[in-house]
Amino acid sequence: MRILVVEDEKKIAGLLRQGLREQGFTVEVLDNGNDALARALADPFDAIVLDIMLPGRDGLSLLKILRERHIATPVLLLTARGEVSERVEGLNLGADDYLAKPFSMDEVVARLRALLRRATGEKLSFYKIADLTINLLTREVMRAARKIELTAREFALIEYLMRTPGQVFTRTQIQERVWDYHFDPGTNLVDVYIQRLRRKIDDGETLKLIHTVRGVGYCVKGEE
Amino acid sequence: MNPRAWPLRWKLTLWTAALVGVVLTLVGIGAAWHLYREGVDELDREMTRVAREFYGALPHSSEPVNWRSPEVISRLFPNARSTYLVEVLGPEGRVLYHSPSLHDEGLPRMHGPKEFGYATMRGKRMRIAAFEDKGYSLRVLAGMHSVEEVRSDLLRCYLVAAPVALALVFVGGWWIARRSFAPVDQLIAAAERITAQRLDHRLPVPPTSDEISRLSGGLNRMMDRLELSFRHATRFTADASHELKTPLTVIRGQLEAALREEDLTPVQERRLLELLEETEQLTHIVEKLLLLSRADAGRLQVEMKPVDLGALLAELQEDVEILAAPQEITIEADLATHAQVLGDEQFLRRLSFNLLENALKYNEVGGRIGITLKAESGRWVLSVGNTGPGITPEEGAHLFDRFYRGDSARGSGRGGHGLGLSICREIARAHGGEIALSRATPDWTEFRVTLPIGTEAVATPTAPAAAVAV
């Protein structure tokens with residue numbers, strides 16, 4: 001997987017390069033908009049991580065040109081201000097996702113993975129991990145032959161986690177995606193919901209499916 | 001009403017009218033006195049003339065005078081008129097002649113040795129004069145009624161004219177005062193429109209170069225300096241928050257990378273996790289400061305869209321119920337349905353959640369949280385109350401201050417940075433609403449948020465005009 005990172009702040013660019021390489025991506029880093037545009041037009045990347053504030057050509061204008069030329073490479077926008085207008089404008093111009101600085105590397109990786117998967121056109125109405133199945137149409141959740149009743153929020157949470165088995169999701173990510181809370185709620189809301197899910201899904205089972213990842217977040221996976 | 005609280009133009013008008021009233025009275029008294037004196041002087045001159053004619057026509061004392069002859073009398077008193085009376089006494093003090101209308105009354109005695117004086121006769125005030133020449137004494141008496149009549153005429157005129165003049169002064173004075181103070185009223189209105197969010201507004205400076213224009217100019221220059229320092233302060237917070245983002249991202253990234261290392265000892269891992277957690281806290285503070293500095297600069301961007309506040313709260317209620325369950329706190333909600341407001345859903349959710357979170361955080365085991373949303377005089381009123389240790393009045397006064405945390409919150413392990421309520425207030429204000437501590441008893445704390453009802457109200461779907469207006 002080849003990722004183009006366009007970021008002019010050396011330290012953040014270095015962090016992205018290091019973090020993405022660790023996760024097995026091939027990374028190319030550019031520090032200005034004009035070079036990045038030429039590079040993105042010449043060579044197909046699997047995804048672009050794009051800072052909005054750039055010397056030369058800014059991220060939004062770069063994105064606009066790419067989409068005008070029908071280049072559909074998934075784009076993850078990095079915004080410094082996290083202002084509503086920038087966010088909305090970016091998404092309107094065809095960005096696939098955005099992250100406000102300061103961000104967590106794990107979150108960048110998680111979101112990139114989601115973008116790449118979406119780009120491959122993967123669409124399911126049925127998720128299965130080990131003996132846990134959820135049906136997106138009937139909204140039925142089964143653990144082996146045991147039917148599990150979930151509230152709407154609990155269902156949204158398990159669905160989000162099951163979309164990519166083994167992928168770690170941070171609390172912020174979960175809050176934003178499942179609850180649409182784009183702020184620090186100052187409570188352990190996610191932890192409380194995870195506990196409830198565990199009670200309903202994992203209690204009394206030998207194989208635990210919901211895992212906590214060292215202070216970072218949660219993931220669902222079938223085997224160690 | 002306390003006179004100190006009267007508008008300046010009323011005080012000015014009243015003082016002017018009072019002064020004019022005093023002046024009018026003094027002028028009136030002076031004029032009346034002067035006219036009276038003039039009248040009396042005229043009488044005195046008249047009486048002196050009578051005496052001069054009398055003594056001029058009178059032969060020397062050795063020559064006898066026939067006082068009974070009308071010819072003699074008419075020669076002695078050629079201009080005899082009914083307006084004055086005369087009496088002639090001989091050298092021995094015997095009355096030789098007196099005006100016929102005097103009968104035998106005799107003239108009243110004069111007080112003192114003065115030539116002219118006053119006397120009362122037949123109940124009337126008279127002017128009396130005594131002359132002495134050629135061995136004869138002449139006394140002349142004149143009625144004062146003409147003089148008194150002039151005086152009372154004047155007073156009558158005055159009693160009519162003075163109130164009219166006073167009324168004119170009052171109305172005119174009020175008009176002038178109002179005109180002079182109109183620019184001041186405009187200044188007040190303009191000054192009240194200038195708030196932290198509109199520091200760039202200035203007072204109108206009238207084209208004249210009078211005190212008002214100098215006042216406006218002076219105030220505007222003060223505002224310039226104020227705006228400059230305020231902008232500096234806001235800018236500083238915004239810049240500082242912004243500049244902190246890059247190092248924070250790097251710190252966080254490196255901590256996460258360090259946590260992924262395979263050979264961490266449990267102690268190292270715990271330390272790194274603690275650092276990561278603190279970094280996240282710092283990130284949240286920076287984000288909040290940036291939001292507040294944006295609000296101060298009037299640049300809090302609010303995307304105005306119709307939001308159903310009732311549905312939003314119902315959704316939050318579900319979360320809060322789950323969060324409250326371990327402490328056995330019960331939630332009592334009474335939410336209006338279709339509570340439409342025009343606003344930013346993210347911000348409104350944040351405002352509501354902050355309040356609910358506080359209600360949960362500062363609660364007690366087995367306590368209650370009350371949420372009500374209802375329409376009240378054209379606005380939505382959201383009340384969030386909770387049981388638990390109450391807020392002292394001292395705490396209540398500072399609750400919305402930045403970084404303020406009450407004694408009960410400090411050291412209680414309840415977390416928070418003391419920015420939540422400031423943010424709530426900025427959000428409410430950005431939506432044209434307000435937030436206040438509405439109840440603070442020892443066992444119940446309640447916050448009240450008012451928000452304007454959305455214009456495209458769902459409650460009145462029959463109004464087609466709303467759709468046209470957009």
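Labels below follow one simple rule: chain letters A, B, ... track the order of the sequence lines, proteins then strands, and each chain is numbered from 1.
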Between Arg153(A) and Glu315(B), which heavy-atom pair has the shortest distance, and what is it? NH2-CG, 3.4 Å

Lys200(A) NZ: over 12 foreign heavy atoms closer than 6.0 Å: yes

Rounded to the nearest 0.5 Å, what separates atom CD in Glu9(A) from atom NZ in Lys245(B)? 11.0 Å

Under 4.5 Å to a heavy atom of chain A? For Glu277(B) that would be neither

Whether over 12 other heavy atoms sit under 6.0 Å from Arg21(A) CZ: yes

Please classify the contact between Arg252(B) and chain A as side chain, backbone, both or neither, with a heavy-atom cut-off of under 4.5 Å. side chain

Rounded distance [0.5 Å steps], OG1 in Thr246(B) versus CD in Glu7(A): 7.5 Å

Counting only heavy atoms closer than 4.5 Å, note whether Leu189(A) contacts chain B via side chain, backbone, both or neither. both

Applying a strict 4.5 Å limit to non-hydrogen atoms, the region of Asp191(A) in contact with chain B is neither

Pairwise distance OG1(Thr283(B)) to CZ(Phe103(A)) - rounded to 0.5 angstrom: 11.5 Å

Side chain / backbone / both / neither for Glu345(B) at chain A, heavy atoms under 4.5 Å: neither

Name the region of Gln195(A), side chain, backbone, both or neither, that has any atom closer than 4.5 Å to a heavy atom of chain B. neither

With a sphere of 6.0 Å drawn around CD of Gln268(B), does it hold more than 12 non-hydrogen atoms of other residues, nucleotides or ligands? yes

For the CZ atom on Arg2(A), are there more than 12 heavy atoms of other groups (residues, nucleotides or ligands in this structure) within a distance under 6.0 Å? yes

At a heavy-atom distance under 4.5 Å, which candidate from Ile322(B), Val320(B), Val250(B) has the highest pair count against chain A? Ile322(B)

Considering all heavy atoms of both residues, which atom of Leu15(A) and which atom of Thr249(B) are nearest to each other, and what is their separation? CD2-O, 3.3 Å

Closest approach of Glu318(B) and Tyr193(A), non-hydrogen atoms and distance? OE2-OH, 4.1 Å

